[in-house]
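One structure is given below, encoded as structure tokens.
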Amino acid sequence: MTTVSKDSPSILHVDLDAFFASVEQRENPEIRGLPVVVGGLGGRGVVAAASYEARKFGIRSAMSMAQAKQACPTAIFLAPRFDLYSEASHAVMEILGEFTPLVEPLSMDEAFLDVSGARRTLGDGLEIGQLLRARITAAVGLTASVGIATSKSLAKIASEDAKPDGILVIEPGHEIEYLHALGVERLWGVGPVTREQLTKLGIITIGDLASRSLDETISVLGPSQGNHLYRLAWNQDDREVVPNNSQKSISHEETFSVDISDRKLLEGKVRRLSDRVGERLRSQEAATRTITLKIRSHDFRTITRSRTLDQTTDRSFEIAQAAQRLLKTVDIGGGVRLIGVGAQIAVSDQGIQESLAFDGPPRGHLEVTLDAVRDRFGPGAVVSARDAVDSPDQAPKKGTKGGSKKTR
DNA sequence: TCTGGGGTCCTAGGACCC
DNA sequence: TCTGGGGTCCTAGGACCC
Ligand SMILES: [Mg+2]
Ligand SMILES: [Mg+2]
């Protein structure tokens, strides 16, 4: 048993280093120590992962493979092998689960852990972080970096600074000095567009953002993002680690090596993509009601068209039919670069019942319902049972149901 | 050889409802 | 009675993440 002070940080962000490239280097000893670039080889590919050796040449995720080749012609260029990465990912997540059930995967190669319960037996966050890093390397042959802090946002930022193969604890009381020295783009949720907006206002660092008034931040970024980022800039982030998040959509898309203008050809592509979407729906015993067609034109402009059906389906044919009908409404004049088919996963009545049983009714729904009744029948129509007096106006009529079953 | 593929969440307007 | 005010659903677009 270890003694751990109560305010010792207990949120861990675990992130594998150069994930796809590291798996490839693990598989093939001959490319260890060499610049390795994993990405699409088909002419229009981008970099999915670059080994640290490749990063020395300026190669980064999301740059085109063509650019990467220019930066380092002698690098090893590999097509991704997702089955391999998926297997490694599962193995890592399983290890994380040995430390606490509170594991929230964010992607194939990263997860949050809340170890506040596990610390009593396993040690503080730092000790647990070192333990699981060693376990991952020994069992899976990959290195992981870990950020540890009192909030998700800060733990995630810290894991970047821990890389590669490192660990970093942001001690309580030192959070603000650490955070405020960083560029705003380091905040989770600030991308190129937001960073540019902030730069125009002279906001370069997180400290700059924090020193402005909340009102100013909101006037530029809107109430939602403004509030959120302002809070993050002061390390005010009370989001909890939530395991077992359910998937909300399934999609497949394809970028063609040459733009396509032939409708028949595109219809065939839609059919094949719909098959894959349907297959995955059925394998999860899920269904969809809303289908989305995505088209990116030769000029990189992207549109989506979606259609909600009257009834849910898990049949590839119906998905394809909906998507092909949407395709007919789109002008494909200059050629199509990418086409995609997506399906929103419908929440089954059973799922709703389970979530009601588990979480209680979502407040929004209940209150809307009550308000609607009051709106129709007057303020006395619904009162708390505690306050109900035995008057004809307020007593429930005989035969009133306890609750309705279907919420939507 | 410009710009992947898989996702999540937010915004905003119109329809519809009470 | 020149304007109610919300709420949800649907659709389209866009920022962001890995
Ligand atoms: Mg990573
Ligand atoms: Mg990652």
Side-chain angles (χ1 to χ4, degrees), chain A residues 13 15-16 18-20 38-49 60-70 73 77 79-80 82 85-86 89 105-111 156 159-160 185 187-197 221-229 245-258 273 276-277 280 289-310 326 329-330 337-345 362-378 381 407-408:
Chain A
H13 182 257
D15 196 321
L16 301 173
F19 180 42
F20 296 175
V38 179
L41 302 180
R44 283 175 161 177
V46 300
V47 175
R60 294 289 180 276
S61 287
M63 70 193 268
S64 74
M65 288 293 267
Q67 276 178 282
K69 204 151 218 170
Q70 256 184 321
F77 291 89
F82 287 102
Y85 314 146
S86 174
S89 172
L106 280 190
S107 69
M108 256 203 258
D109 85 313
E110 62 186 286
K156 181 150 168 61
S159 72
E160 291 176 48
E185 71 280 357
L187 287 176
W188 189 22
V190 174
V193 174
T194 306
R195 183 181 53 83
E196 199 48 44
Q197 281 178 300
L221 301 175
S224 174
Q225 203 190 15
N227 260 306
H228 181 64
L229 292 182
N245 285 309
S246 60
Q247 191 174 359
K248 298 186 171 57
S249 66
I250 292 173
S251 68
H252 285 284
E253 63 188 48
E254 181 184 355
T255 294
F256 311 123
S257 50
V258 180
L273 293 165
R276 292 165 67 183
V277 170
R280 283 179 60 198
R289 206 163 68 86
T290 303
I291 288 122
T292 301
L293 176 75
K294 174 177 171 181
I295 288 182
R296 177 166 291 154
S297 314
H298 61 104
D299 59 3
F300 218 73
R301 283 188 322 115
T302 305
I303 63 157
T304 60
R305 293 290 178 269
S306 60
R307 174 72 205 260
T308 299
L309 309 176
D310 293 334
L326 290 166
T329 71
V330 178
R337 176 191 178 90
L338 167 152
I339 198 157
V341 175
Q344 308 230 250
I345 295 172
R363 271 190 86 68
H365 269 156
L366 178 60
E367 288 179 348
V368 171
T369 308
L370 294 182
D371 288 348
V373 173
R374 288 199 184 96
D375 215 3
R376 281 178 81 175
F377 300 110
T407 55
R408 70 187 190 88

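The chains referred to below are lettered A, B, ... by the order of the sequence lines, with proteins before strands, and numbering in each begins at 1.
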Reckon [X] has a side-chain N or O less than 4.0 Å from the OP1 or OP2 of [N]?
X: A/Arg337; N: B/dT3; result: yes
X: A/Ser249; N: B/dT8; result: yes
X: A/Thr255; N: B/dG5; result: yes
X: A/His252; N: B/dG6; result: yes
X: A/Gln247; N: B/dG7; result: yes

Whole angstrom is fine here: how far is it from [atom1] in [X] over to [atom2] in [N]?
X: A/Asp310; N: C/dC10; atom1: CG; atom2: P; answer: 10 Å
X: A/Arg296; N: B/dG4; atom1: CZ; atom2: C1'; answer: 9 Å
X: A/Phe82; N: B/dG6; atom1: CZ; atom2: P; answer: 8 Å
X: A/Met63; N: B/dG4; atom1: CE; atom2: P; answer: 14 Å
X: A/Phe300; N: B/dC2; atom1: CZ; atom2: P; answer: 12 Å
X: A/Glu253; N: B/dG5; atom1: CD; atom2: C1'; answer: 5 Å
X: A/Ile250; N: B/dG6; atom1: CD1; atom2: C1'; answer: 11 Å
X: A/His228; N: B/dT8; atom1: NE2; atom2: P; answer: 17 Å

**Asked** Which residue, A/Ser64 or A/Ser251, contacts DNA chain B at a nucleotide closer to its 5' end, judged by nearest heavy atom?
**Response**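 It is A/Ser64, whose closest nucleotide lies nearer the 5' terminus.
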**Request:** Between A/Gly222 and A/Phe256, name the one whose nearest nucleotide on DNA chain B is closer to the 5' end.
**Result:**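 Comparing both residues, the 5'-ward one is A/Phe256.
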**Message:** Could you work out, with side-chain hydrogen bond (donor to acceptor under 3.5 Å, both in side chains) as the rule, every residue matching A/Glu185, not counting sequence neighbours?
**Reply:**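 A/Glu185: no side-chain hydrogen bond (donor to acceptor under 3.5 Å, both in side chains) contacts found.
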**Message:** Going by the rule side-chain hydrogen bond (donor to acceptor under 3.5 Å, both in side chains), which residues pair with A/Thr302 if we only count those two or more places apart in sequence or in a different chain?
**Reply:**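 side-chain hydrogen bond (donor to acceptor under 3.5 Å, both in side chains) list for A/Thr302, sorted by chain: A/Arg296.
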**Message:** Considering every strand and a 4.0 Å limit on heavy-atom distances, what is the contact class for A/Glu254: base, sugar-phosphate, or nothing?
**Reply:**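 It contacts sugar-phosphate atoms only.
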**Prompt:** Across the strands shown, which category fits A/Lys69 at heavy-atom distances under 4.0 angstrom: base, sugar-phosphate, nothing?
**Reply:**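 The residue A/Lys69 makes base contact.
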**In C/dC2, glycosidic geometry as syn within 90° of 0 or anti otherwise** =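 Anti, angle beyond 90° from zero.
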**Listed partners of A/His252 passing side-chain contact (heavy atoms from CB on, under 4.5 Å), at least two apart** =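 A/His252: side-chain contact (heavy atoms from CB on, under 4.5 Å) contacts with A/Leu273, A/Arg276, A/Val277, A/Arg280.
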**Item:** A/Asp310: side-chain contact (heavy atoms from CB on, under 4.5 Å) partners, not counting sequence neighbours
**Value:**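 A/Asp310: no side-chain contact (heavy atoms from CB on, under 4.5 Å) contacts found.
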**Item:** A/Gln70 atom CD: more than 12 heavy-atom contacts under 6.0 Å
**Value:**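 No, because the 6.0 Å sphere around CD of A/Gln70 holds 12 heavy atoms or fewer from other groups.
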At what distance, to the nearest 0.5 angstrom, does [atom1] of [X] lie from [atom2] of [Y]?
X: A/Ile339; Y: A/Lys294; atom1: CD1; atom2: NZ; result: 11.5 Å
X: A/Phe20; Y: A/Met108; atom1: CZ; atom2: CE; result: 4.5 Å
X: A/Leu187; Y: A/Thr194; atom1: CG; atom2: OG1; result: 10.0 Å
X: A/Gln344; Y: A/Thr308; atom1: CD; atom2: OG1; result: 7.5 Å

**Request:** Using a 3.5 Å limit on both pairing distances, list the dot-bracket string of DNA chain B from the 5' end; Watson-Crick and G-U wobble pairs count, crossing pairs take [ ], interstrand pairs take |.
**Result:** ....||||||||||||||
**Shortest side-chain distance from A/Ser224, nucleotide among B/dC10, B/dG4, C/dC9** =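 The answer is B/dC10, which lies nearest to the side chain.
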**P spacing across the pair B/dT3 / C/dC18, given as an integer number of angstrom** =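 Pairwise P distance, B/dT3 against C/dC18, rounds to 22 Å.
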**Under 3.5 Å: donor-acceptor pair, side chain of A/Arg307, backbone of A/Ile291** =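 Here the side-chain-to-backbone pair does not exist.
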**Message:** Across nucleotides 11-18 of chain C, 5' to 3', mark each nucleotide with B, S or - according to how protein heavy atoms within less than 4.0 Å reach it.
**Reply:** SSS-SSSS
